[in-house]
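One-based numbering along the sequence shown.
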Amino acid sequence: MVFLVCGSIVTYEDAFDELKQVVLDIKVASAIIFPVKRFQLLVATNFLLALVELVIIEQLDLHKVFPSLLSLSNRLGLHSKIISMTRDNTTHSPRLFVTTYIRAHLQTQPWGIEVPSQCPLCGSTNSVAAQDQATGGKSPHRFQIDKPPGFLVNAAKSRNSGWFQSPSVIFPSPPAVQSAPISATSSISQAKCSRSSKETLDETESTRKKVHN
């Protein structure tokens with residue numbers, strides 16, 4: 001198991017893809033990334049202690065126990081999101097499941113998407129929870145946040161906050177299935193077959209008329 005705390009690698013897509021390939025090449029079972037700048041180990045104490053107990057000592061599957069780890073890590077969510085990479089050897093070619101977990105809060109970070117800390121209309125620093133009177137009689141500033149793909153982790157959900165899990169991404173990406181193009185030769189052959197069938201049908205009809213006459 002490997003822990004990575006360098007945020008710059010995740011920021012750039014090419015560097016992140018190279019990291020995934022390295023994890024596959026050196027046959028690491030799993031890797032956990034804390035992509036925040038200047039990561040503070042103290043806020044991850046509960047997460048790491050539970051990880052050692054469940055995964056290293058009890059030998060449980062990291063992907064399955066991850067919700068339990070997140071339930072002990074509310075403070076960690078205020079500091080950094082978490083990216084887990086787990087190796088899958090069930091297919092012919094090894095691959096990685098890359099899953100991102102990010103803190104979600106009903107008012108400040110719904111679905112893991114941060115909202116402005118200050119209202120651009122009234123200047124209130126508590127704009128999401130404030131009543132309409134905070135705008136000084138003006139119409140409140142409203143914005144819409146659509147739920148992205150993913151779900152809230154039930155085991156790590158509290159009254160107002162929790163962890164939002166994005167859909168796992170497979171690396172390397174499976175090849176796209178493309179339908180075979182119809183060649184010009186095939187189209188000409190089909191046209192010839194259709195023409196031949198029509199000519200044969202015309203000849204048959206003509207033969208029948210002669211017989212009847």
N/O donor to acceptor pairs below 3.5 angstrom from side-chain atoms of residues 87-97, sequence neighbours left out:
residue : atom : partner : partner atom : Å
Arg87   : NE   : Asn89   : OD1          : 2.9
Arg87   : NH1  : Leu24   : O            : 2.9
Asp88   : OD1  : Thr90   : N            : 3.3
Asp88   : OD1  : Thr90   : OG1          : 2.8
Asp88   : OD2  : Thr90   : OG1          : 3.0
Asp88   : OD2  : Arg95   : NE           : 2.8
Asp88   : OD2  : Arg95   : NH2          : 3.2
Thr91   : OG1  : Ser93   : O            : 2.6

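Among residues two or more places apart in sequence or in another chain, the side-chain contact (heavy atoms from CB on, under 4.5 Å) test is passed with Thr11 by none. Here Asn160 pairs with His105, Leu106 under the side-chain contact (heavy atoms from CB on, under 4.5 Å) rule; sequence neighbours left out.
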If you apply the rule ring-ring contact (aromatic ring centres under 6.0 Å, His included), what do you find for Phe39 with His79, and how did you get there?
CA-CA 8 Å; Phe39 177 71; His79 181 52; 5.6 Å; yes
What's the verdict on ring-ring contact (aromatic ring centres under 6.0 Å, His included) for Phe66 and Tyr101, showing C-alpha distance, side-chain angles and the deciding distance?
CA-CA 10 Å; Phe66 220 86; Tyr101 302 87; 4.6 Å; yes
I'd like to know whether Ile57 forms a side chain to side chain contact (heavy atoms under 4.5 Å, CB included) with Val52, so could you lay out the CA-CA distance, the side-chain angles of the two residues, the decisive distance to 0.1 Å, and finally the verdict.
CA-CA 6 Å; Ile57 298 178; Val52 170; 4.2 Å; yes
Show, in sequence, the C-alpha distance, side-chain angles and deciding distance for Glu53 and Glu58, and conclude whether the side chain to side chain contact (heavy atoms under 4.5 Å, CB included) test is met.
CA-CA 6 Å; Glu53 178 181 353; Glu58 298 186 14; 3.8 Å; yes
Output, in order, the C-alpha distance, side-chain angles, deciding distance and verdict of side-chain hydrogen bond (donor to acceptor under 3.5 Å, both in side chains) for Thr99 and Ser168.
CA-CA 5 Å; Thr99 310; Ser168 297; 2.6 Å; yes
Go through the steps to decide whether Ile32 and Phe47 satisfy the test side chain to side chain contact (heavy atoms under 4.5 Å, CB included), and finish with yes or no.
CA-CA 11 Å; Ile32 299 175; Phe47 177 87; 4.3 Å; yes
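Thr45 and Leu42 make their closest contact through OG1-O, 2.7 Å (heavy atoms, listed as atom of the first residue, atom of the second, distance). Of all heavy-atom pairs between Pro110 and Ile145, the closest is CG-CD1, 3.7 Å.
No single ILVMFWY cluster, assembled from side-chain heavy atoms under 4.5 Å apart, contains both Trp163 and Leu72. Note on Leu70 and Leu41: same hydrophobic cluster, where clusters join Ile, Leu, Val, Met, Phe, Trp and Tyr whose side-chain heavy atoms are under 4.5 Å apart, directly or indirectly. Ile102 and Leu78 are not part of a single hydrophobic cluster, where members link through side-chain heavy atoms under 4.5 Å apart. When hydrophobic clusters are built by joining Ile, Leu, Val, Met, Phe, Trp and Tyr residues whose side-chain heavy atoms come closer than 4.5 Å, directly or via intermediates, Leu76 is not grouped with Leu49. Residues Ile170 and Leu19 do not share a hydrophobic cluster, defined by chaining ILVMFWY side chains whose heavy atoms lie under 4.5 Å apart.
Note: Lys157 NZ to Phe151 CZ = 11.0 Å, rounded to the nearest 0.5 Å. A distance of 7.5 Å separates CD in Gln165 from OG in Ser84, rounded to the nearest 0.5 Å.
Checked options Ile113, Thr100, Leu152; the residue passing with Phe164 is Leu152 (criterion: side-chain contact (heavy atoms from CB on, under 4.5 Å)).
Residue Gln21 qualifies as enclosed at atom CD: its count of foreign heavy atoms under 6.0 Å is above 12. When the shell of 6.0 Å around CD of Glu13 is examined, it contains 12 or fewer heavy atoms from other residues, nucleotides or ligands. Atom NZ of Lys64 has 12 or fewer neighbouring heavy atoms from other residues, nucleotides or ligands inside a 6.0 Å radius.
Leu69 has its side chain out of reach of Asn46: every pair of non-hydrogen atoms, C-beta onward, lies at least 4.5 Å apart. Put simply, the side chain of Ile33 reaches to within 4.5 Å of the side chain of Met85, judged on heavy atoms.
Side-chain atoms of Glu114 never come within 3.5 Å of backbone atoms of Gly112 as a donor-acceptor pair (strictly under, hydrogens ignored).
Side chains of Ser71 and Ser68: no donor on one and acceptor on the other come within 3.5 Å.
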